[in-house]
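Letters A, B, ... are given to chains in the order of the sequence lines, protein chains preceding strands, and every chain is numbered from 1.
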Amino acid sequence: MTLLIDGVGGVIVETEAYDSEEPASHSYRGQTLHNAALFGPPGHAYVYLSYGLHWCLNFVCREAGHGAGVLIRALEPTAGIAQMIDRRGQREPRLLCSGPGRLGQALAVTRDLNGRRIDVPPFKMAAATAAPDIVCGPRIGISKAVDHPWRFGLAGSRFLSRPFPK
DNA sequence: CTTTCGATGATCT
DNA sequence: GATCATCGAAAGG
């Protein structure tokens, strides 16, 4: 799909799934104040601060109360590229949104998007016109449940945060 | 190309 | 007090 926030964004090329029954997930230990959005209704955003400095964007999936989400890890920039460059201080197109922290900075994601619906402004979502070729592999940067192949990417994309293992 | 390491702060134990 | 769904610069091959 294409994701825009205030008109800035592109085609999502990499995601990861997280579920409350699996220890790598923020929802694994149950609902708390900071992860409450993850236990809310689907179609809303869950935003968290990673390593003290990177804002990362998730979409809540499954029914309210379950605690499942998808981390948006990378996208191919198509709209608002000048603004992304400005926010990132970085001209190389490949490095604008290739990683959850970079994407968050380029799209100006912050806590005030936490819990917001993603089908109304400032979000704008558009479905792909054709069925894409998707690859999967282990998730990145986690220490638990490392065997779940729950990282998904657009095959052959140059905008992935990292290549997928063979 | 690869690996290492510091920045930085919320959250949970 | 430890951990962490990360990034970028620096150092080494």
Specify the separation, in whole Å, of atom NE2 of H54(A) and atom P of dC4(C).
16 Å
Any idea which of dC12(B), dT8(B), dG9(B) is nearest the L49(A) side chain?
dG9(B)
Nucleotide dT6(C), atom P - distance to CG of L57(A) in whole Å:
14 Å
Answer with yes or no whether the side chains of Q105(A) and R88(A) bring together a donor and an acceptor at under 3.5 Å.
yes
Does the side chain of R111(A) get closer than 4.0 angstrom to OP1 or OP2 of dA10(B) through an N or O atom?
no
Between P100(A) and K144(A), name the one whose nearest nucleotide on DNA chain C is closer to the 5' end.
K144(A)
For dT6(C), does OP1 or OP2 lie under 4.0 Å from any side-chain N or O of S161(A)?
no
Just the rounded figure in Å: distance from C1' of dC4(C) to CH2 of W55(A).
15 Å
Return the nucleotide paired to dT6(C): Watson-Crick means purine N1 to pyrimidine N3 with N6-O4 or O6-N4, wobble means G-U with N1-O2 and O6-N3, both under 3.5 Å.
dA7(B)
For G52(A), report the nucleic acid contact type (base, sugar-phosphate, nothing); a contact means any heavy atom under 4.0 Å.
base
Over-ring placement of R151(A) relative to F164(A), 6.0 Å and 45° cut-offs:
yes
Of the candidates dC4(C), dA5(C), dC7(C), the side chain of N58(A) sits closest to dA5(C)
Using whole Å, what does the distance between atom P of nucleotide dT3(C) and atom CG of L53(A) come to?
19 Å
Short side-chain N/O contact from R88(A) to OP1 or OP2 of dG8(C), under 4.0 Å
yes
Mind calculating the distance between CG (L33(A)) and P (dT13(B)) to the nearest angstrom?
14 Å
Starting from the C-alpha separation in whole Å, work towards a yes-or-no answer on side-chain hydrogen bond (donor to acceptor under 3.5 Å, both in side chains) for S161(A) and E14(A).
CA-CA 8 Å; S161(A) 64; E14(A) 181 181 339; 2.8 Å; yes
H34(A) vs dA10(B): side-chain N/O to OP1/OP2 distance below 4.0 Å:
no
Centroid under 5.5 Å and tilt under 30°, Y48(A) to dA5(C):
no
R102(A) side-chain N/O to dG8(C) phosphate OP1/OP2 under 4.0 Å:
yes
Roughly, in whole Å, what's the span from OH in Y28(A) to P in dC4(C)?
13 Å
Separation of atom CD in E14(A) from atom C1' in dT6(C), rounded to whole Å:
13 Å
In whole angstrom, what separates R29(A)'s CZ from dT3(C)'s P?
12 Å
State, with a plain yes or no, whether a side-chain heavy atom of P138(A) is found less than 4.5 Å away from one of P165(A).
yes
Under the salt bridge (Lys or Arg N to Asp or Glu O under 4.0 Å) rule, collect the residues that match up with R94(A), sequence neighbours excluded.
none
Just to confirm, is there a sub-4.0 Å distance from OP1 or OP2 of dC4(C) to any side-chain nitrogen or oxygen of S143(A)?
yes
